[in-house]
Number of protein chains: 4
Amino acid sequence: MIAPMAARKQRLNPRKQPVQNRSKTTVDTILLGAAQVFEVHGYAAGTTNRIAERAGVSIGTLYQYFPSKEAIAVALLERHIADTDHRLHEWVGHMVVEQHGLCDALHDYVNGMLEMHSKQPRLQHILLEETPLPENVHQALLEAERHAAKTVAGLLRLYPEIQHPCLEHAGFMVVQTVESLTHRFAAHPDDQFIPRNIFIDEMVAMLVAYLARV
Amino acid sequence: MIAPMAARKQRLNPRKQPVQNRSKTTVDTILLGAAQVFEVHGYAAGTTNRIAERAGVSIGTLYQYFPSKEAIAVALLERHIADTDHRLHEWVGHMVVEQHGLCDALHDYVNGMLEMHSKQPRLQHILLEETPLPENVHQALLEAERHAAKTVAGLLRLYPEIQHPCLEHAGFMVVQTVESLTHRFAAHPDDQFIPRNIFIDEMVAMLVAYLARV
Amino acid sequence: MIAPMAARKQRLNPRKQPVQNRSKTTVDTILLGAAQVFEVHGYAAGTTNRIAERAGVSIGTLYQYFPSKEAIAVALLERHIADTDHRLHEWVGHMVVEQHGLCDALHDYVNGMLEMHSKQPRLQHILLEETPLPENVHQALLEAERHAAKTVAGLLRLYPEIQHPCLEHAGFMVVQTVESLTHRFAAHPDDQFIPRNIFIDEMVAMLVAYLARV
Amino acid sequence: MIAPMAARKQRLNPRKQPVQNRSKTTVDTILLGAAQVFEVHGYAAGTTNRIAERAGVSIGTLYQYFPSKEAIAVALLERHIADTDHRLHEWVGHMVVEQHGLCDALHDYVNGMLEMHSKQPRLQHILLEETPLPENVHQALLEAERHAAKTVAGLLRLYPEIQHPCLEHAGFMVVQTVESLTHRFAAHPDDQFIPRNIFIDEMVAMLVAYLARV
DNA sequence: TATGAATGAGTCTTCATTCAT
DNA sequence: CATGAATGAAGACTCATTCAT
């Protein structure tokens with residue numbers, strides 16, 4: 001996966017502290033600690049003191065860089081959206097260049113997403129569902145998903161075997177299915193029942209069948 | 001949808017208070033209030049006092065029936081699992097009797113699940129992800145999902161057009177896909193982008209294609 | 001001083017907790033503690049924990065009766081206004097009945113106010129000046145002062161020796177002068193320089209001269 | 001108003017940092033910022049960071065010139081006392097030279113004081129009542145007031161129409177009355193009820209009547 | 001000397017839980 | 001059994017002050 005792409009920049013966290021590049025290390029440290037703490041404790045039980053402690057800074061320092069607990073979660077989500085976006089565009093770029101078959105392409109995508117979510121299986125859900133997000137962030141999220149659907153739709157256009165009458169809807173379904181199944185499996189893997197690679201294969205099979213059905 | 005089925009009973013909440021059938025009404029009232037409060041406020045902000053108030057009982061009474069806030073959530077989840085189970089078996093029974101086609105059958109299933117989740121879109125997620133559940137509940141959850149997969153697999157056996165080599169895996173994928181997509185859509189419907197009925201149709205199309213692919 | 005009067009009731013603190021008569025003791029205890037703590041530490045440094053401790057209740061109990069620190073200050077101020085009002089009306093009633101001379105009447109008034117302020121010299125100022133009061137309380141305060149001015153003006157009408165062309169203004173000046181001088185002396189008595197009784201006499205002399213000047 | 005007078009110098013702030021004349025500009029800048037910040041936010045909410053920001057210096061620099069927040073308030077109060085003192089002596093000097101009538105003289109005084117307090121109506125009160133001052137400052141304050149009383153008494157000696165048996169007490173009353181009424185009106189002007197110029201006239205009338213009563 | 005990032009004790013407030021009535 | 005006043009540990013956040021650069 002190569003070829004990133006200038007992502008649509010959308011500051012989701014335009015608070016007091018610009019969270020700029022100077023002392024980036026501290027901000028990063030805090031966000032790293034926050035990710036770990038939220039991952040383990042959830043949003044509500046992920047206290048700012050715990051985050052500061054985990055990040056190895058004082059609570060005062062934390063509040064020098066983020067105006068509130070919510071702002072930390074928003075920053076984390078901002079990163080997640082950017083990451084997902086980045087990954088998607090890398091993948092699309094790659095596929096456009098390499099001319100893989102649909103099956104391989106989807107396999108690559110699913111695999112990448114599963115890998116991504118497996119690192120911090122709960123974090124995304126926590127940010128998306130437990131955190132009381134300001135309205136603009138919700139909008140940005142919706143927008144990001146729509147954008148992803150359209151991007152995937154654009155890629156699908158390259159595959160003549162695809163029969164689906166509406167590529168936008170197809171793109172939406174692909175994105176949603178991969179996102180949700182991938183997350184679900186990452187969060188509660190049931191390897192006893194179905195091993196990871198088979199799970200991936202089944203998901204790919206389902207998507208291929210859906211897109212290229214007769 | 002008729003024909004329930006004796007669900008596998010598994011006490012998930014074997015704490016101090018036996019939560020028996022005596023004064024069942026009070027327990028039900030409390031759980032009803034808790035469901036509403038959690039749905040609106042989330043787990044952390046769903047205070048026991050609010051639950052008691054909503055249920056129309058005193059906080060003392062609440063603690064007479066549940067030993068802790070967590071126990072309430074667990075009881076709620078227990079119910080949710082039983083409901084889902086019940087719904088699934090009703091559906092399967094119905095399908096066995098009525099001999100619908102695969103497409104209709106899946107449409108019925110998807111529709112039912114979406115309907116179920118749409119009533120309280122957040123509740124399931126809150127119980128599953130926001131609540132710090134004891135290990136045995138997690139196990140019961142996994143078990144319930146496996147059981148559902150097997151049940152669906154049993155139903156799929158009745159459709160000769162299904163090509164899938166492993167019905168257990170197919171059942172698992174169907175259950176997981178419906179669960180996760182359905183929940184995702186219920187939680188964040190994006191009607192602007194894709195209307196509900198089209199979403200259902202697409203999901204069904206995907207499942208049918210997956211199961212009956214050549 | 002007798003003869004109170006149905007004071008204009010104006011709830012300045014219509015928050016969640018009605019602060020009613022049941023468990024009046026607890027509310028009173030808290031207010032008593034708050035008065036002492038504010039008196040000693042000022043508003044900002046008068047922490048709710050200190051208040052609770054002083055009142056001999058837990059911090060939780062304090063917040064069961066008052067929704068915020070500010071509400072406590074407002075309740076205290078409410079009492080102060082009511083007390084002052086009560087005292088004023090008692091005095092006026094008394095004077096109307098007893099037909100004292102102007103000099104005696106003013107002496108009685110000044111003495112009463114000084115006595116009142118001497119109990120908690122700082123408290124009033126703290127409540128009036130340090131506490132960030134909601135707008136409606138400020139209005140109520142202004143109203144109370146105007147009302148006091150009018151009440152005194154009404155009393156002054158009974159004294160034919162008073163030459164002042166505008167009794168309303170005269171009443172205002174009397175109230176303001178007594179209030180501010182009285183408070184100033186109570187807060188920083190300089191007995192070395194001028195003893196209390198002489199101070200009172202001088203103040204009365206000033207007011208009499210002002211009202212009855214040729 | 002001319003003719004100042006070498007004020008009794010009394011270092012109220014003999015802390016670590018000598019607060020000398022070197023880099024006097026910086027000290028002045030800080031005090032100016034502090035006055036503005038205290039005026040707006042009060043003592044407790046007037047943070048040192050805000051003061052530094054307002055003064056256009058870094059927080060580090062602020063602490064290079066003042067050992068603590070309290071020291072800033074004390075320095076400010078010191079200035080206020082000196083200013084008042086200066087103003088008083090200017091006035092007395094002026095009166096001695098110009099030979100105005102008592103009424104005009106008092107009018108001038110009252111007017112000047114009201115003007116002075118109207119600029120920063122809260123500041124004096126904040127410094128006097130909200131700030132936890134060390135004992136020596138309180139003593140200095142008392143001393144300043146006694147000195148003012150004596151100064152005014154000296155001036156009153158020039159007016160033969162004054163009947164008051166004890167000029168020292170009369171001076172004290174004049175100073176106290178003007179100080180407190182003036183401050184009260186500046187802090188909470190009630191122009192609806194009594195306009196500023198009438199308020200001044202009434203106050204002067206009261207003082208004249210008091211001093212020159214038969 | 002000036003700077004400002006870092007500190008952490010201390011503030012207000014919430015809420016699960018208990019227990020005397 | 002039901003009640004609800006009382007509890008106090010814990011959380012988000014502030015701000016006076018320090019110190020390495």
Side-chain angles (χ1 to χ4, degrees), chain A residues 17 22-23 25-27 29-30 41 43-53 55-72, chain B residues 17 22-23 26 41 43-53 56-72, chain C residues 17 22-23 25-27 29-30 41 44-53 55-72, chain D residues 22-23 26 41 43-53 56-72:
Chain A
Q17 302 290 342
R22 195 186 311 221
S23 78
T25 313
T26 307
V27 167
T29 309
I30 293 170
H41 299 277
Y43 179 76
T47 74
T48 50
N49 280 292
R50 251 199 276 253
I51 292 173
E53 193 184 12
V57 302
S58 76
I59 183 63
T61 299
L62 185 152
Y63 276 92
Q64 202 129 40
Y65 289 94
F66 295 93
S68 68
K69 181 179 171 179
E70 189 196 291
I72 299 177
Chain B
Q17 302 290 342
R22 195 187 314 216
S23 76
T26 307
H41 299 276
Y43 180 76
T47 73
T48 50
N49 277 289
R50 248 199 276 252
I51 292 172
E53 192 186 13
V57 302
S58 75
I59 183 65
T61 301
L62 185 152
Y63 275 90
Q64 208 107 41
Y65 289 93
F66 295 93
S68 68
K69 182 180 172 179
E70 189 196 297
I72 299 175
Chain C
Q17 303 290 343
R22 194 187 311 225
S23 78
T25 314
T26 307
V27 167
T29 310
I30 293 170
H41 298 276
T47 74
T48 49
N49 279 293
R50 252 199 275 251
I51 292 172
E53 194 184 13
V57 302
S58 75
I59 183 63
T61 299
L62 184 153
Y63 276 93
Q64 201 130 41
Y65 290 94
F66 295 93
S68 67
K69 182 179 171 179
E70 189 197 291
I72 299 176
Chain D
R22 192 187 316 215
S23 76
T26 306
H41 298 278
Y43 180 75
T47 72
T48 50
N49 277 289
R50 249 199 276 249
I51 292 172
E53 193 186 13
V57 303
S58 76
I59 183 65
T61 300
L62 184 152
Y63 275 90
Q64 207 107 42
Y65 289 92
F66 294 93
S68 69
K69 182 180 171 179
E70 190 196 297
I72 299 176

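Heavy atoms only: backbone and side chains are in, while hydrogens, waters and symmetry mates are out. Naming: A, B, ... by sequence-line order, numbering from 1 per chain.
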Secondary structure string for DNA chain F (Watson-Crick or G-U under 3.5 angstrom, | for other-strand pairs): .||||||||||||||||||||
Take the protein atom [atom1] of [X] and the nucleotide atom [atom2] of [N], then report the distance between them rounded to whole Å.
X	N	atom1	atom2	answer
C:I30	F:dA5	CD1	P	12 Å
A:I51	F:dG11	CD1	P	12 Å
A:F66	E:dA6	CZ	P	12 Å
B:L62	E:dC15	CG	P	15 Å
C:Q64	E:dC15	CD	P	13 Å
D:E53	E:dT3	CD	P	13 Å
D:H41	F:dC15	NE2	C1'	14 Å

Under-4.0 Å side-chain N/O to phosphate OP1/OP2 contact, A:Y63 with F:dC13: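 Yes, such a contact exists.
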Contacts under 3.5 Å, N or O only, protein and nucleotides 8-11 of chain E:
residue, atom, partner, partner atom, Å
E:dG8, N7, A:G60, N, 3.3

Between [X] and [Y], which heavy-atom pair has the shortest distance, and what is it?
X	Y	result
A:I72	A:L62	CD1-CD2, 3.7 Å
A:I30	A:A55	CA-CB, 3.8 Å
B:K69	B:Y43	NZ-O, 2.7 Å

Chi angles and distances behind the side chain to side chain donor-acceptor pair (under 3.5 Å) call for C:T61, C:S58: CA-CA 5 Å; C:T61 299; C:S58 75; 3.2 Å; yes
Options E:dT13, F:dT7, F:dC1, nucleotide nearest the side-chain atoms of C:S68: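 Side chain of C:S68 sits closest to E:dT13.
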From C:T48 atom OG1 to C:I59 atom CD1, the distance as rounded to the nearest 0.5 Å: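 It is 4.0 Å, given to the nearest 0.5 Å.
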pair C:V27-C:F66: side-chain heavy atoms closer than 4.5 Å: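 Contact flag for C:V27/C:F66 side chains = yes.
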